Amino acid sequence: MSRKWIIRTVAAAILVLAALITLSACSSDDDGGDDGAGVTGVAEITERFQGLPQSGQTVGEENAPVEIVEYGDMQCPFCATAAESLNPQILDELVRTGDAKLTFVPVAFIGPDSETGALAVLAAANQDLTWNLTEILFANQGDENSGWLSEDFARDAAAAAGLDLATFDEDFQADETVEALFDSRERFTSDEGSGTPHYVVRGPNGQQIIPGQPTIEDLQQAVQEVS
Amino acid sequence: MARRLLDGDRRELSLRAALAVVALAGIAVAAYLVVVRVQGQSPTCVVGGGCATVQESEYSTVLGIPVAVLGLVSYLGLATSAILPGFLGRCLGLFVGIVAAGFSIWLTWLEVAVIEAICPWCVVSAGLSVAALGIVVARVVVTSPPDGPSQAAVASPSPARR
């Protein structure tokens, strides 16, 4: 193969490669910040949980002395607000410090979309990604009972959260997941829940029930008192 | 001289065989990724859990064409170049090898720096692309004239030289 033809071939290949890379980079710009299939906010949420251990529905050190339980409905706008403003503070000031771990328990009472969302985040527990999916769904919350949280959207969000979709699909349909949702409702009732968000702070020195959205100071005080 | 040419032919044959093996492995990986994409599923992540994130990311298509399909086409091109003897096979191999390896490196960089998720299937495919590029470059080197003016220059001097 002559040097002339080698140069021509290499030059043509570099031109095609440059075009492909340009098109690839441009196609991401066209999506306007979506993180795939219309799901937004994924990178920020992924970063929020980076370096934090997750097990089932819980984020934080397994042997943390206090457990903060948050009950939430995936369609509840106040839960979405808490997810955006309060939960990052809980993670930074109580979970990363090892003072507490945070557990999300989904309940479904607003409508059918709530049920789909609750089953999705419970299914994600089997892959230890409940929190990522929960926060992604809250970040993409639509109008109540508008059909925004379809099974397809839940799958897209699950994929964006990094879940293995084949496993997720199986877990989403599993009887155990439905039973887990019934158990969640029982826990909610026994923890005196009547609306969401609803927080319970449990430690070696008892528990405190905090209905509605507390401030980070409320939670810090509760954690201190039950520790 | 004849012995040297014979050795070169043998080495080229070995490189074509190696390229065929790499291309077939690449076809298998890319075909799997195309099939799961068409079925709307996520690839089974043997290691880690970033396959779905990568597959669902905005970088998983170029002009609406899934990159897995582009990968499949490139491996088919490499396999064809392994089958084709002579100039055409070497030229096609070099062209596809550079494009495939370069684009795979770009996609791997995106996984690490932008998507922040690693799909082991894509990493394997990138490794195969780079290996294929190494083989096609070696094939070109083995068949290039050792010294002096190139064969083309000897066969037909450029107008400037005339």
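Just so it is clear: chains get the letters A, B, ... in the order the sequence lines come, proteins before strands, and each one is counted from 1. Since the structure is predicted, the reported quantities are computational estimates derived from the model, not experimental observations.
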Atom CD of residue position A:Q220 - does it have more than 12 heavy atoms of other residues, nucleotides or ligands inside 6.0 Å? yes
For a quick test of reading the model, state the closest non-hydrogen atom pair linking B:L110 to A:S24 and the distance between them. CD1-OG, 4.1 Å
Which one of B:V140, B:I98, B:L94 satisfies the side chain to side chain contact (heavy atoms under 4.5 Å, CB included) criterion with A:T9? B:L94
Should the heavy atoms of other residues, nucleotides or ligands under 6.0 Å from CD of A:Q213 be counted, would the total exceed 12? yes
Is there a side-chain contact between B:L70 and A:L20 in this structure, where contact means two heavy atoms from C-beta onward sitting under 4.5 Å apart? yes
Do you know which two heavy atoms are closest between B:F103 and A:L17, and how far apart they sit? N-CD1, 3.2 Å
Toward chain B, the part of A:Q50 with a non-hydrogen atom under 4.5 Å: side chain
Measure B:L92 against the heavy atoms of chain A and call it side chain, backbone, both or neither at under 4.5 Å. neither
